[in-house]
Asks: 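Take a look at this one; I'll ask things after.
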Amino acid sequence: MVFSSLNFMFVFLPIVLGVYFLSPRIIKNLILFLASLVFYAWGEPVYVLLMIFSTLVDYTHGYFVQKYRGTRKAKVFLISSVVINLGVLGFFKYSDFIIGNINALTGASIPLLGLALPIGISFYTFQTMSYTIDVYRGDAKAQRNIISFGAYVSLFPQLVAGPIVRYSTIAEQLNHRRENSELFADGVQRFVTGLGKKVLLANSIGAVWTELSSLPSGELSVLGAWIGAIAYTFQIYFDFSGYSDMAIGLGKMFGFRFLENFQYPYISKSVTEFWRRWHISLGTWFREYLYIPLGGNRKGLPRQIVNIAIVWLCTGIWHGASWNFIVWGVYYGILLMLEKIFLLRVLQKLPSIFGRIYTLFFVIISWVIFAFDSLGQGWTYLKGMFGFGGLALVNDRALYLLLTNAILLAILIIGCTPLPAKVGRTLMRVWNDRKVAPMLVQNVVLAGIFLISVAYLVDSTYNPFLYFRF
Amino acid sequence: MKHQMKRRRKLEPRQIRNRVLTIVFVVLLMGLALLNLLWPKQSFSQNENRVLETFPEFSWETLISGKFTEGFDTYITDHFAFRDVWVGAKTFAEIGILKKDSGGVYLAKDGYLIERFDTLERDKQTGQTRYEQNLNYVKTFAENMKARFNIDVRTMLVPTASYVLSEKLPAFAPELDQNELIEQAKTTVPNFLDLRGVLRAHKEEDIYYRTDHHWTNLGVCYAYGAFCQAVGLQAHPPSWYQTETLSEKFYGTTYSKASLYTAQPDTITAYHAPQQPEVSVDYNLGRRVTNTLYERSHLETKDKYSVFLDGNQPIVKITTQNKNGRKLMIIKDSYANSFATFAVNDYEEVTLVDLRHYRAQLSKLVEESGVNEILVLYNVSGFASDANLFLITR
C-alpha cells in the first residue's frame with residue numbers, strides 16, 4: 001500500500017487511527033505491528049513472511065549479542081546478523097543482476113530467477129542491521145518485547161520508502177512514547193504537506209518527464225531535454241521528500257519523532273553539502289555503520305579517499321541493481337573526493353551563487369544517469385542536452401511544455417527553498433496572540449491541499465511509485 | 001481540581017489551534033471514509049463512458065496473487081463519493097495553473113476539446129510507422145481489387161480537428177504535421193481523395209464536434225460533395241438537404257477524456273435528401289434488419305454518436321430503391337457511419353465493413369457481394385494507430 005492512495009487514506013488510516021487510540025496502552029504496539037503487516041501484505045502478500053523472518057532473526061540475534069556482550073560470541077552473532085540481512089537483500093535484489101552480468105561476460109546462459117523485489121527491503125534490512133549493531137556497540141539495549149521489536153521493523157509509516165530509522169534513535173519511544181494533540185497536529189501538518197508535494201507537485205511535473213523521456217529519437221530538442229532533466233530533478237525531490245514528510249507526519253500522529261530526512265537539498269552550495277541535506281537517514285547510516293568503522297577521515301587523506309570510494313560504490317549499488325546506479329554512485333564519489341581535495345576551498349572563496357549553480361548542474365546531470373536503467377539511453381539523452389545529438393535547439397513541444405508548466409515550475413522552485421516555511425512561521429509569530437486569523441489560514445490552507453490532493457487521486461491516471469527498485 | 005480547571009480555561013491560542021486542526025483533519029478523514037462506505041455503488045460511469053470496477057472476488061488464491069488487493073484499490077477509486085465532482089475539480093485546478101490539455105485532449109479556443117495527435121506508433125523492429133504500414137496494406141488491396149475485379153479503390157483519410165482547426169489549438173501545441181501524412185498517403189495510395197482543401201475552406205463552420213473527436217454531418221456534407229465530384233455524382237450544398245436535430249445534448253469522447261464538465265453540449269443533426277429513399281438496413285449478415293439509418297435509442301444514452309447505423313458493427317448492408325446498379329463498399333472506422341447516411345441517396349447498395357470487428361476474408365466478400373465501387377474511409381489519427389488493417393489484404 002502507498003500513502004498517496006484513496007484506499008490508504010479513507011479505509012486503512014481511519015480504521016488504524018480509531019483502533020489505535022481506543023486501545024489500552026499495553027496493546028498499542030501490537031496494533032501497530034498488526035496494522036503494519038496488513039499494510040505490507042497489501043502489496044506483497046507472500047513477502048510478508050520474509051518480513052516476519054527478518055523480525056525473528058534479528059530479535060534473536062539482538063538477544064544473544066546482548067547476552068554475550070564483550071565476548072567473542074557477541075561478535076559472532078553480530079556478523080551472523082549482518083550476513084543474513086545482506087544475504088536476504090543480496091538474494092532478492094541482486095541475484096538477477098549478477099547472473100545477467102555473468103552470462104554477458106562468459107557467454108553462459110544461467111536462467112534468471114525473475115524474483116519480484118520485495119517492497120522496502122532495502123529500507124528494513126538496513127534498519128534491522130542498525131539494531132544489532134547498536135546493541136553490539138552498547139548504543140541501545142536489546143528489545144525484550146518481540147511485539148515492540150516487530151512494530152519497529154515493520155512500522156508502516158517508514159516501511160516502504162524510509163526514512164531509515166536507526167534503532168538507537170527510537171528505542172526509548174518504542175515503549176515510552178506519549179501521543180498528544182500538539183504532536184498529532186504537527187503530524188497532520190506534515191502529512192498533508194507531504195501528500196501535496198507528492199500528489200500535486202511530483203506527479204504533475206513527473207508527467208512532463210515521462211512525456212519527454214519516452215519520445216522517439218529525433219523528436220526531442222535541446223531545450224526539451226533540459227526541461228525533462230529539470231522536471232525529473234523536481235519530481236524525485238518532491239516525491240521522495242513528500243513521502244518522508246508523510247512518514248514523519250504519520251509517525252507523529254502515533255507519538256513517534258523520526259529524524260528529518262531532507263533539508264532543502266537544492267539550495268546547497270556544494271555537493272558535500274547536498275549530501276548532508278539529501279536522504280539524510282541513508283547518509284547517516286552509511287557514515288555510522290560503514291564510513292566511520294572503516295576509519296573515516298582519521299587515517300590520513302589517502303585512506304579517506306579509499307573510504308569515500310567504498311561508501312559511494314555501496315550507496316550507488318543500494319539504489320538499484322543496475323549499472324547506471326553504480327555509475328551514479330561512482331560519479332558522486334569522485335565529485336566528493338575532488339571537493340575534499342581542493343574544490344571545497346575554491347568554492348568557499350567564490351560568491352555563493354557559483355557554488356549553488358555548480359551543485360545544481362552536477363545534481364541535474366546525476367539524475368539523468370539515475371533515471372535511465374540503460375547506460376546507452378542515458379548517454380544519448382545527456383549528449384542531446386549538450387547539443388551532440390543532432391537535435392533541434394527548440395521545438396513546439398519544448399515551448400508548449402514550458403508555457404503550460406510555467407506556474408508549476410515557479411511553485412516548484414519556491415517549494416525547494418525554505419521560503420514557504422519561513423513565511424508560515426513568520427505569520428504564526430506575528431499573529432501569535434490572535435486567535436482566529438492563524439487558525440483560519442492554517443486550516444484553510446491544509447484542508448485545501450488535502451482536498452485538492454484527493455481530487456487528483458480520484459482522477460489518478462498517473463501516480464507512480466518510484467522506490468520499487470530501492 | 002481547582003488548579004486543573006484554571007488551566008483548562010487558559011488554553012493558549014497555539015493549543016487551541018492544534019486541537020482545531022486535529023479535529024478538522026479527523027472529521028475530513030473519517031467523514032469521507034464514512035461517506036464512501038455508505039455511498040451507493042454504480043456499475044457504469046456516464047461521464048467517463050466506461051464500466052466501473054466491481055468488488056473483487058475474495059479467495060485464498062486472489063489474496064495470495066495480489067489480485068484481491070489490486071481490485072480493491074481500483075474499486076475504492078472508481079466508486080469514490082462524488083467522483084465526477086472530484087475529477088472535474090482536478091481539471092479546474094489544472095486550468096488554473098495554465099495547463100492547456102487534460103486527459104490527452106487540448107482545451108482549445110471557442111470551447112473545442114480536440115484530441116491530441118502528436119506521436120506515431122512505430123514497429124519496434126523495423127522502425128517503420130504503423131501509418132506507413134497501413135498505407136502499404138491499402139495500396140496492395142487497391143492493386144488486387146483492380147487486377148481481380150477491375151474496381152477502382154478510392155481512399156479518403158479525413159484530417160482531424162487538430163489539423164483543420166489548428167488555429168484554435170493552444171500556442172505551440174506539439175501536433176504532428178497532418179499535411180505531411182496526407183502527402184505521404186497521396187504518393188502511396190492510388191485514387192486518394194484529398195479533403196484538406198474542402199475542410200479548411202469551411203473551418204469557420206461547425207464541421208467538427210466540440211466535445212467529440214468525430215466530424216459533424218455538416219463536415220461530412222462537404223466531404224461527400226467532394227467525393228461525389230470524384231466519382232461522377234452530382235454534389236449538393238448543405239442547403240439542398242433537410243436537416244433534423246437529433247439531439248442537443250451530446251457530450252462526446254473528448255468531453256469524457258478531458259473531464260471538463262462545464263463544457264457546452266453539441267448538437268447532432270441529421271441531413272436528409274429532399275426525396276428520402278426507403279432503406280433496408282441489414283446488420284451482420286441478417287442478424288437484424290431495420291428500415292432506418294438512425295438507431296434513436298442511443299440518443300437516450302451517453303454514446304449518442306451511435307445513432308448513426310448503431311455505432312460500430314462488423315458489417316452493415318444498406319439496400320435502397322435507387323435501382324442504378326451502383327454498389328459501394330466502405331472499409332471504414334466510425335467516421336464513415338455518418339458518411340453512409342449521405343451515400344444512401346446515390347447508391348443502390350452501401351456495405352460498411354469495419355475491420356476492427358469483421359474477421360472473415362474480405363476479398364471473398366467483395367466477390368460475393370458484387371460491389372462495383374470501394375472506398376477506404378478512416379480519420380488520419382485512427383488510421384495511424386489501427387492494428388487491424390492488415391486484414392484488408394486478405
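Below, read A as the first sequence line, B as the second, and so on, with proteins coming before strands; counting in each chain starts at 1.
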Asks: Give the intermediate values and the outcome of side chain to side chain contact (heavy atoms under 4.5 Å, CB included) for residues B:Lys99 and A:Leu408.
Replies: CA-CA 9 Å; B:Lys99 281 266 158 51; A:Leu408 179 61; 4.2 Å; yes

Asks: Taking atom CZ as the centre, does B:Arg200 end up with more than 12 heavy-atom neighbours from other residues, nucleotides or ligands that are less than 6.0 angstrom away?
Replies: yes

Asks: Are side-chain heavy atoms of A:Leu451 and B:Leu28 found at a separation under 4.5 Å?
Replies: yes

Asks: Quick check: are there more than 12 heavy atoms from other residues, nucleotides or ligands sitting under 6.0 Å from NZ of B:Lys67?
Replies: no

Asks: Is A:Val11 in contact with chain B via its backbone, its side chain, both, or neither, using a 4.5 Å heavy-atom distance?
Replies: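 Just its side chain gets close to chain B.
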
Asks: Rounded to the nearest 0.5 Å, how far does CZ of A:Arg397 lie from OG1 of B:Thr119?
Replies: 7.0 Å

Asks: In Å and rounded to the nearest 0.5 Å, what is the CG to CG distance from B:Leu98 to A:Leu409?
Replies: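 It is 11.0 Å, given to the nearest 0.5 Å.
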
Asks: Tell me the closest heavy-atom pair linking A:Ser181 and B:Asn18, and the distance in Å.
Replies: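 Heavy-atom minimum between the residues: O-CB, 4.1 Å.
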
Asks: I need the minimum non-hydrogen distance between A:Leu403 and B:Ala171, along with the two atoms involved.
Replies: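 Closest approach of A:Leu403 to B:Ala171: CD1-CB, 4.5 Å.
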
Asks: With a 4.5 Å limit on heavy-atom distance, are the side chains of A:Val458 and B:Lys90 in contact?
Replies: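 Side chain of A:Val458 against side chain of B:Lys90, heavy atoms only: no contact under 4.5 Å found.
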
Asks: Do B:Phe25 and A:Val192 come close enough that some side-chain heavy atom pair is under 4.5 Å?
Replies: yes

Asks: In terms of heavy-atom proximity below 4.5 Å to chain A, should B:Val85 be classed as side chain, backbone, both, or neither?
Replies: neither

Asks: Does CD belonging to B:Gln42 count more than 12 external heavy atoms closer than 6.0 Å?
Replies: no

Asks: Could you look at B:Glu94 and say if it's the side chain, the backbone, both or neither that has a heavy atom under 4.5 Å from chain A?
Replies: both

Asks: Quick check on B:Val20 against chain A: is it the side chain, the backbone, both or neither that has a heavy atom closer than 4.5 Å?
Replies: both

Asks: Counting only heavy atoms closer than 4.5 Å, note whether A:Asn405 contacts chain B via side chain, backbone, both or neither.
Replies: side chain

Asks: Between A:Ile452, A:Asp396, A:Ile15, A:Leu399, who has the most heavy-atom pairs with chain B when the cutoff is under 4.5 Å?
Replies: A:Asp396

Asks: Taking all non-hydrogen atoms of both residues into account, name the closest pair between B:Gly96 and A:Ile407 and its distance.
Replies: O-CD1, 4.2 Å

Asks: Between A:Leu6 and B:Ile76, what is the shortest heavy-atom contact and its length?
Replies: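 Residues A:Leu6 and B:Ile76, closest heavy atoms: CB-CG2, 4.0 Å.
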
Asks: Please round to the nearest 0.5 Å and tell me the distance separating atom CG of B:Leu169 and atom OH of A:Tyr400.
Replies: 8.5 Å

Asks: Which heavy atom of B:Trp86 sits nearest to which heavy atom of A:Ala455, and what is that distance?
Replies: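 What the structure gives for the nearest pair is O-CB, 3.4 Å.
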
Asks: Considering only heavy atoms and a distance below 4.5 Å, find which of B:Glu70, B:Arg116, B:Gln15 pairs most often with chain A.
Replies: B:Arg116

Asks: Is it the case that atom CD in B:Glu167 sees more than 12 heavy atoms from other parts of the structure closer than 6.0 Å?
Replies: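 Result for CD/B:Glu167: enclosed.
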
Asks: By a 4.5 Å heavy-atom criterion (distance strictly below it), what part of A:Phe8 contacts chain B: side chain, backbone, both, or neither?
Replies: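 Neither part.
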
Asks: If I measure from the heavy atoms of chain A, does B:Leu63 come under 4.5 Å with its side chain, its backbone, both, or neither?
Replies: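 It is the backbone, since no side chain atom gets that close.
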
Asks: Between B:Asp118 and chain A, with a heavy-atom cut-off of 4.5 Å, which part of the residue counts as in contact: side chain, backbone, both or neither?
Replies: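 It is both, since atoms from each part get that close.
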
Asks: I'd like to know whether A:Val454 forms a side chain to side chain contact (heavy atoms under 4.5 Å, CB included) with B:Phe80, so could you lay out the CA-CA distance, the side-chain angles of the two residues, the decisive distance to 0.1 Å, and finally the verdict.
Replies: CA-CA 10 Å; A:Val454 173; B:Phe80 206 77; 3.8 Å; yes

Asks: Heavy-atom distance under 4.5 Å between the side chains of A:Trp431 and B:Arg17, does that happen here?
Replies: no

Asks: Side chains of B:Phe172 and A:Leu402: does their closest heavy-atom pair fall under 4.5 Å?
Replies: no

Asks: Can you tell which part of B:Phe72 gets under 4.5 Å to a heavy atom of chain A, answering side chain, backbone, both or neither?
Replies: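 Just the side chain, heavy atoms under 4.5 Å.
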
Asks: Looking only at heavy atoms and a cut-off of under 4.5 Å, which of B:Ile97, B:Leu37, B:Val26 has the most pairs with chain A?
Replies: B:Ile97

Asks: Just how far is it from atom OG1 of B:Thr22 to atom CD of A:Glu182, taken to the nearest 0.5 Å?
Replies: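 Taking OG1 in B:Thr22 and CD in A:Glu182, the distance rounds to 10.0 Å.
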
Asks: Hey, what's the ring geometry for A:Trp42 with B:Phe68, parallel, tilted or perpendicular (30° and 60° as the breaks)?
Replies: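 A:Trp42 vs B:Phe68 ring planes: perpendicular.
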
Asks: B:Ala33 and A:Phe10: which non-hydrogen atoms are nearest, and at how many Å?
Replies: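 Scanning both residues completely, I find the closest heavy atoms to be CB-O, 3.2 Å.
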
